[in-house]
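Comments concern the structure below.
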Amino acid sequence: MLTLAVSKGRIYEDALPLLAEAGIVPTIDPDKSRKLILPTNHIDIRLLVIRATDVPTYVEYGAADMGIAGKDVLAEYGDEGLYEPIDLGIARCRLMTAARRDYVPSGQRLRVATKYVKLAQRYFAGQGVQSEIIKLYGSMELAPLVGLADVIVDLVDTGNTLKANGLEAREEIMAISSRLVVNKAAMKTKHQVVSDFLRRMEQIVAARV
Ligand SMILES: Nc1ncnc2c1ncn2[C@@H]1O[C@H](COP(=O)(O)OP(=O)(O)OP(=O)(O)O)[C@@H](O)[C@H]1O
Ligand SMILES: O=P(O)(O)OC[C@H]1O[C@H](OP(=O)(O)OP(=O)(O)O)[C@H](O)[C@@H]1O
């Protein structure tokens, strides 16, 4: 049995065509079912549908052999426990700082709202900027509008969300795309099936560029 962890929504939608090219098709639509384990047209391949931030945990502990997760999630989680062989090139965006258009840094300790606590801490420390990080779980764009924070660290794609809230992107922290991650033990114990799958995915991704 090969178990692949994915998150519902953007990553699932973008991963489906890649999996289909590899001949793997889920037989249940996660939007029409409450099932968390999706069988596929292969009796020995199944998908786990979980929260994006939980993908590295399932894969590191071997509850899933493989997973698909954004580099943002992997970098925040700490990706040392995972093998990360393939950049799938899907769900591309950028991790950025953003602030109100009229915000001017005062030189005082910067208040930063984000769900990427470790990445934000590391980034501002690297810039030599004193920061206080305020952990949020979503809708970060609201924080500077109501005085909760001076800046946010969040994902930006089209910039529409920032624009709609009177914010502007300031500095790019890292480019993001989704990666295939593999449990280190599964690399050995399921070597043949895992390496065949990786080779196939590599070909499919290379053919897309
Ligand atoms: N606007 C975007 N454009 C492109 N890729 C994005 C965008 N927002 C997020 N992503 C990428 O897709 C991944 C999953 O995002 P998604 O919005 O589906 O889940 P989430 O809201 O982060 O997680 P959850 O809903 O479980 O809290 C992110 O980790 C990131 O790598
Ligand atoms: O630059 P844009 O194209 O506007 O995309 C950026 C937005 O996309 C993501 O949110 P998402 O759509 O995933 O909403 P959620 O995190 O609240 O689920 C991210 O957290 C930004 O809010």
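Remember, it's 1-based here, ligands and their atoms both numbered in the order they're listed. Residues take their numbers from the sequence shown, with the count starting at 1.
In terms of protein heavy atoms, atom 16 (P) of ligand 1 is closest to Arg10 NH1, 3.7 Å. Ranking the protein heavy atoms by distance from atom 28 (C) of ligand 1 puts Asp72 OD2, 3.4 Å first. Among all protein heavy atoms, the one lying closest to atom 14 (C) of ligand 1 is Ile11 CD1, 3.9 Å. In this structure, the protein non-hydrogen atom closest to atom 19 (O) of ligand 1 is Ala52 CB, 4.1 Å.
The side chain of Lys115, and not its backbone, has at least one atom closer than 4.0 Å to an atom of ligand 1 (non-hydrogen atoms only; side chain from C-beta on).
Within the structure, ligand 2 has Gly159 among the residues with a heavy atom less than 4.0 angstrom away. Residue Glu141 places a heavy atom under 4.0 Å from ligand 2. Residue contacts with ligand 2 leave out Lys163, since none of its heavy atoms falls under 4.0 Å from the ligand.
Between Lys118 and Glu76 there is no salt bridge, since none of the side-chain N atoms of the basic residue sits less than 4.0 Å from a carboxylate O of the acidic one. Salt bridge status for Glu202 with Arg200: absent, with no side-chain N to carboxylate O gap under 4.0 Å. Using a cut-off of 4.0 Å between Lys/Arg side-chain N and Asp/Glu carboxylate O, Asp65 and Lys190 are scored as salt-bridged.
Side-chain contact of Arg46 with Thr3: a donor-acceptor pair under 3.5 Å is present, judged by distance alone.
In summary, the atoms of ligand 1 found under 4.0 Å from a heavy atom of Gly70, numbered by their order in the structure, are 31 (O).
Nearest-heavy-atom check against atom 26 (O) of ligand 1 across Arg92, Lys71, Arg51, Lys8 picks out Arg51.
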